[in-house]
Amino acid sequence: MLTQKNYYMNVIEKIKSSVATAIQHLYQVEVLTKDIAINTTKPEFEGDYTVVLFAFVKQFKKTPEAIGNELGNYLVTHNSDLFENFNVIKGFLNFTICSKVWLNFLAENYHNNQFGKTQTTGNKVMVEYASPNTNKPLHLGHLRNIFLGWGIAEILKTTGNEVVKTCIVNDRGIHICKSMIAWQLFANGATPKSTHTKGDHFVGNYYVKFNDELKKQTENLIATGKTKDEAEKEAPIMKATHQMLLDWEAGKPDVIELWEKMNNWVYEGFDETYKKIGSDFDKIFYESNTYLLGKDLVKKGIDKKVFYTKEDGSVWIDLTTEGLDEKIVQRKDGTSVYITQDIGLAEQRYNEFKANESIYVIGDEQNYHMKVLKLICQKLQLPAADGIHHLSYGMVELPTGKMKSREGTVVDADDIVEEMIKISKQKTEELGKVNDFTTEELNNLYRIIGLGALKFFLVRVDPKKKMIFNPEESIDFHGFTAPFIQYTHARIKSILRKNEIVTQAFNSDDLLPLEKDIIKHLEIFPSALSEAAKELDPSKVAIYVFNLAQLFNSFYAQHSIAQAEDENKKQLRLHIAQLTAQVIKTGMGVLGIEVPERM
RNA sequence: GACCUUGUAGUACAAUGGAUAGUACAAAAGUUUCCGAAGCUUUUGAUUCAGGUUCGAUUCCUGACAAGGUCGCCA
């Protein structure tokens, strides 16, 4: 997976390296830090972090209790700036970390708005996401794709990678021809402007019209005794579409002109949506420019004996030794297939950007395809090959089953965004906390909350799991949601507006459990980010931030900040609040979710 | 048929092989004379099944079962 270098040595790493050193001194045995298991200590036991001792029992030929006591004594004596105390229970060595460690961490970072970010590593990564077809508007599945892609790109940036966000637009092929034919037949020259329709929806409507007409024609043919397959092939509208595709490939001027016109309508619509949801790309590839790529690589592959030619002239690769099957890479008529284009595009992207890693955000129905793609690139020894990663995600389904455009059960991206914003408006008005906002401020707030809720909902679960979107239940502003976290942030900001932070040394004697829990959680933020980067999983960040907000809310309900026991406590808690707000902002930021000052 | 992914409370999700499996929604009961109640506190409730590896398995292996996906010219 992706290699990360983290220059900030966190407490867990410090514990590991001290334990390794202690073992070296006590038992003259070399132990790798990765073989030392550290857990957070369960709340029912005394301590912060726990070293699991069972692994050492055989090696040192001592009981876990003996090892625990020896290690504990050694470390509390020799590393007294880190370890304050220890206890051994069964095979677990529980350490209490010095309060000073937590307080120093807090003092050093509370004003650091770069906290969590890693210095650049020089690693360059391309992230490809969205990748729409141009015959219909974006839907909920695209939104999951876009939010995952945009999120992982930001997470990678934060963890020190240089990132190029990219998109391959599927702008050619039979699907767009369907919309074009239907437009010719039914539109009477109508345009998005003349009908006041968003361009992508406008073109999508003709795609629907095409299917309606095809269905009619097919039924008529079936009535004359044809099978369904025959009827679909022979329907006049389908024949016209195939002819149009041939004309497009031949470069027939009027077809090309129509194709450009309709695609541009779609792009205007897409751009509006991207802008609304806060997504962007550094480089867009169009399939009409790339679909012929890869042919020279087929030739090279034949020379290298990676590919072989069958009698009919089609070209294949045999992947049976890898547990896969034979796969075609070039048709008998010499044209490229999908995978050939992808190989070509991988090569071209590498030549253009020299990224050593490349992440493809693509649905899990293409798991097999991506596996084959990587394998072929490796066999061809393309420089991009080893850096290919597939961020695979599950489909978004409705309670009634899959979304099907033919049955009109697709949740349209623009619709759901508007719906979420509308609900956030309702909710905000009910609560009536921001009645002094201007209309502009209000609209911005509704957008931040509604869009935040949607984004969070789509990225908070493990990407590879399919998810069910229930319009009634999913739109929830309580619990494991963005508004809950945004609310926590707004509340902290309110406190900070009313109380001034003064930098000072803290009294280290009395760090309360709830105070310490938050600081400990804040301290692992960089690890949460690098883990999300390593696993290509933005949900790790979502869960982390939610837990932080939860911790803060529990703390806040029990301990007053403004009316703290004394000034020292008050300052300590203000510092905690400040860093919590900062981490919430950064964490939500990498997911593309803004956090308001008030809501 | 072969291969891939996923099976955890009523529902939706967590848990580098570690201690009594966490959280949210839903349900029930509390909680605003005091920093923002979109909050907090409490209660009820789960690892699909059968083997195996291990001091220890939700996690790893094998096999069932269930859901979804893919499998030579659609992208």
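A note on names: the letters A, B, ... follow the listed sequences, proteins ahead of strands, and every chain is numbered from 1. Below, all heavy atoms of this structure are taken into account, side chains as well, without hydrogens, waters or symmetry copies.
- Between A:K570 and B:C35 there is no side-chain polar atom (N or O) within less than 4.0 angstrom of OP1 or OP2.
- Evaluation of A:Y556 against the base of B:C35 yields a stacking contact (centre distance < 5.5 Å, interplanar angle < 30°).
- Within the 6.0 Å centre-distance limit, the rings of A:F469 and A:F457 are counted as a close aromatic pair.
- Residues of residues 53-64 of chain A having a heavy atom closer than 4.0 Å to RNA chain B, listed by number: A:F54, A:K58.
- With A:Y360 as the aromatic partner, A:R349 meets the cation-pi criteria of under 6.0 angstrom to the ring centre and within 45 degrees of the ring axis.
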Problem - Base versus backbone protein contacts along nucleotides 70-75 of chain B [heavy-atom cut-off under 4.0 Å; B, S, -] - result: SSBB-B

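- The closest side-chain donor-acceptor pair between A:Y308 and A:E326 falls under 3.5 angstrom.
- A:T50 contributes a side-chain N or O that forms a donor-acceptor pair with the base of B:A19 under 3.5 Å.
- For A:K540, a side-chain nitrogen or oxygen approaches OP1 or OP2 of B:A15 to under 4.0 Å.
- Counting any heavy atom pair closer than 4.0 Å across all strands shown, A:V52 reaches a base atom.
- The structure places CD of A:E13 at 12.0 Å from CD1 of A:I36, a figure rounded to the nearest 0.5 Å.
- Considering only side-chain atoms of A:Y487, the nucleotide from B:A19, B:A14, B:A37 that sits closest is B:A37.
- The stretch residues 41-49 of chain A touches RNA chain B through A:K42, A:F45, each having a heavy atom under 4.0 angstrom from the strand.
- Nucleotides B:U58 and B:U20 have their C1' atoms positioned 15 Å apart, rounded to a whole Å.
- For the P atom pair drawn from B:A24 and B:U43, the interatomic distance equals 12 Å after rounding to whole Å.
- For the pair A:K464 and B:C4, the criterion of a side-chain N or O lying under 4.0 Å from OP1 or OP2 is not met.
- For RNA chain B, the stems formed by at least three consecutive Watson-Crick or G-U pairs, with both atom-pair distances below 3.5 Å, span B:1-7 with B:65-71, B:10-13 with B:22-25, B:27-31 with B:39-43, B:48-52 with B:60-64.
- We find that the ring of A:F92 and the base of B:G18 do not stack by the test of centres under 5.5 angstrom and planes tilted less than 30°.
- With sequence neighbours left out, A:N444 forms a side-chain hydrogen bond (donor to acceptor under 3.5 Å, both in side chains) with A:R447.
- Going from the C1' atom of B:A75 to that of B:G56 covers 49 Å, rounded to whole Å.
- Distance CG (A:D537) to P (B:C13): 14 Å, rounded to an integer number of Å.
- Aromatic rings of A:F147 and A:F456 (six-membered ring for Trp) have centroids beyond the 6.0 Å cut-off, not under it.
- Of the candidate nucleotides B:C34, B:A67, B:C25, B:A67 has the atom nearest to the side chain of A:K466.
- If you check B:C4, B:U20, B:A14 against the side chain of A:K371, the one that comes closest is B:C4.
- A cation-pi contact links A:K520 to A:Y49, judged by a cut-off of 6.0 Å to the six-membered ring centre and 45° from its axis.
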Practice task
Using a 4.0 Å heavy-atom cut-off, write out nucleotides 40-47 of chain B from 5' to 3' as B (base contacted by protein), S (sugar-phosphate only) or - (no contact).
Solution key: SS------

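- In this structure, A:Y286 has its ring center at least 6.0 angstrom away from the ring center of A:W259.
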